[in-house]
Amino acid sequence: MSRIHPQQGHLDDGMSYFARIRSFSRNAKLFLLSHASTQICLGVSSTILNVYFLKMGFSKSYIGTYMAMGTLAAAVAAIPIGVIADRVGRKKSVLSAIILTTLAAIGEVAILNPMILLAVSFAKGVGSTFKQVVQNPFLMENSTPEERIHLFSVNQALQTVASVLGSGLAGLFPLLLAFAAQSLGWLEFVEVTQLRMALAFSIVFLLLSAIPISMISETNFKPSKRHSVASDLTSIVKDANLRNLAFYQFLIGAGAGMTIPFFNVFLSDSLGASAGEISTITMGSRVVLTVAVLMSPWLVRAFGRIKSVLITQLLSIPALLSISFAPGLWIVALLYWFRTALMNMSSPIATSFAMEIVPSDMRATASSTINMGNSMARSASQILGGFMMDTLGNTSPYYFTCVLYFLASVFYYHAFNKFDKPKTKIAQA
């Protein structure tokens, strides 16, 4: 007999995991392919962009400000983008995101002026937000309830696999360039140039990601003008679920912004890690995460949706805290792998759950709410994290992140645990 948790649909009706993957719609498969190509580029960027800026002579405070501009853009643009996506469609929205992100990625390697780079970061943040806001409603609309948790899990896993490839390229490409430079006697071919060329090469994958999206058929899309920025903001204020989602993401974003974007800087500056070592460590974390997120359906069956999020996130905190006083590079790497897997393995569960607890015409609003809450907090905490690393030491932000993660996990359980209870208990509550 199938085992089903209340309120979460049929997760195990005899169909195998891989059979469900094969049953994904054509639109969903095309989106997954495009998303993977995008993530290869972002995998390169997330691995070496901050190191590139550090080698360029920018301070950690500036790097924090640079990243904050992107997340500030995401916070400001999230709601308007949700409105636009409902009016022009998911396909046009994603294509617009790819174009804007590509132009910004070119700017990162072609522009050296610090102030203009901040504007580039803002534009990149808008482009990334387009993709993030549209992604979840699109996957929801192109899947059935039976396959949904599998689709969100595969999307997350494929994203991490592509990021692994991107991280690998980030470490391999500078090595190949260095070898070529030595062979040809190009002594001026310094590390910063190697990093810049690796970033430039990764833009090809952004361009390729537009091809699958252009093949998507959006014949059933009906433009909606029911929403406006004002009406969506009003909905967030009035709807308890949307408010709780926004606040939870605010706490997560505040904690993550202080430490996660700076981890490669921490490895380079505190532990003397090379670009190749940073690439290997980043790749390792994503391999572990790929395996972890594919376990999401089993987590749901074992603990339910809300407890799965609570348990995995709480277990990640000791690993994160230990990073700040670990004695060596590879012990830090091991702890980081555990932290990454535990903190993010329930992400598909939380994402699909958020799409399920709102009406179908509010999914873009819910997706915008999640992005706005997270990005609003990150935009401030990234500036704070860079400042703290410059003034108080590279490990100082980790303690604040642990506290914020704990508060976020407990709040999430308190706010949403009722959805995993039987209907009779919900009605009584």
Which atoms form the tightest heavy-atom contact between [X] and [Y], and what is the distance?
X: Ala341; Y: Val288; value: CB-CG1, 3.4 Å
X: Phe250; Y: Ala377; value: O-CB, 3.0 Å
X: Ile98; Y: Thr102; value: O-OG1, 2.7 Å
X: Ala123; Y: Ala104; value: C-CB, 4.4 Å
X: Val309; Y: Ser346; value: CA-OG, 3.6 Å
X: Gly127; Y: Leu100; value: N-CD2, 3.6 Å

Quick check for you: to the nearest 0.5 Å, what is the distance between [X] atom [atom1] and [Y] atom [atom2]?
X: Leu207; Y: Ser202; atom1: CG; atom2: OG; result: 10.0 Å
X: Tyr52; Y: Arg196; atom1: OH; atom2: CZ; result: 3.5 Å
X: Leu54; Y: Ile63; atom1: CG; atom2: CD1; result: 5.0 Å
X: Ile306; Y: Phe419; atom1: CD1; atom2: CZ; result: 8.0 Å
X: Phe24; Y: Asn142; atom1: CZ; atom2: CG; result: 11.5 Å
X: Asn50; Y: Leu195; atom1: CG; atom2: CG; result: 11.5 Å

Neighbour count >12 (heavy atoms, 6.0 Å) for atom [atom1], [X]:
X: Phe58; atom1: CZ; result: yes
X: Phe338; atom1: CZ; result: no
X: Lys307; atom1: NZ; result: no

Charged N to carboxylate O under 4.0 angstrom, Lys124 versus Glu108?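 Judged by the 4.0 Å cut-off on N to carboxylate O distance, Lys124 and Glu108 do form a salt bridge.
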Do [X] and [Y] have side-chain heavy atoms sitting under 4.5 Å apart?
X: Ile281; Y: Leu329; result: yes
X: Pro397; Y: Phe262; result: no
X: Leu404; Y: Met258; result: yes
X: Glu141; Y: Arg90; result: yes
X: Phe53; Y: Leu117; result: yes
X: Ser217; Y: Asn27; result: yes
X: Met345; Y: Gln313; result: no
X: Asp390; Y: Ser59; result: yes

Candidates Arg339, Gln382, Met343 - the one meeting side-chain contact (heavy atoms from CB on, under 4.5 Å) with Ile260: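 Among Arg339, Gln382, Met343, the one that satisfies the side-chain contact (heavy atoms from CB on, under 4.5 Å) with Ile260 is Arg339.
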Which is it for Ile323 and Tyr336 under the side-chain contact (heavy atoms from CB on, under 4.5 Å) test, yes or no, and what are the steps along the way? CA-CA 7 Å; Ile323 289 174; Tyr336 182 67; 4.1 Å; yes
Check whether any side-chain N or O of [X] sits under 3.5 Å from a backbone N or O of [Y] as a donor-acceptor pair, and report yes or no.
X: Ser121; Y: Gly70; answer: yes
X: Thr401; Y: Gly255; answer: yes
X: Ser316; Y: Leu342; answer: no
X: Ser46; Y: Gly43; answer: yes
X: Asn344; Y: Ser347; answer: no
X: Ser396; Y: Gly393; answer: yes
X: Tyr412; Y: Leu245; answer: no
X: Ser379; Y: Met376; answer: yes

Tell me every residue that passes side chain to side chain contact (heavy atoms under 4.5 Å, CB included) with Ser308, counting only those two or more places apart in sequence or in another chain.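 With neighbours one apart ignored, the set is Leu299, Phe303, Ile349.
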So is Lys131 actually on top of Phe31's ring, under 6.0 Å and inside 45° of the axis? yes
Do Thr38 and Ser209 have side-chain N/O donor and acceptor atoms under 3.5 Å apart?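 Short answer, yes.
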May I have the step-by-step check of side-chain contact (heavy atoms from CB on, under 4.5 Å) for Ile278 and Ile48, ending in yes or no? CA-CA 8 Å; Ile278 293 172; Ile48 62 173; 5.8 Å; no
Residues Ile216, Phe138; criterion side-chain contact (heavy atoms from CB on, under 4.5 Å); working and verdict: CA-CA 11 Å; Ile216 284 176; Phe138 180 88; 3.8 Å; yes
Sorted by chain and number, sequence neighbours left out, side chain to side chain donor-acceptor pair (under 3.5 Å) with Asn394 holds for Lys60, Asp269, Ser270
Non-neighbouring partners of Ser34 that pass side chain to side chain donor-acceptor pair (under 3.5 Å), sequence neighbours left out: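 Listed in chain order: nothing, the list is empty.
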Take Trp330 and Leu334 through the test side-chain contact (heavy atoms from CB on, under 4.5 Å) and record every step on the way to the result. CA-CA 6 Å; Trp330 292 105; Leu334 187 63; over 6 Å; no
Centroid separation under 6.0 Å, is that true for the rings of Phe411 and Tyr248? no
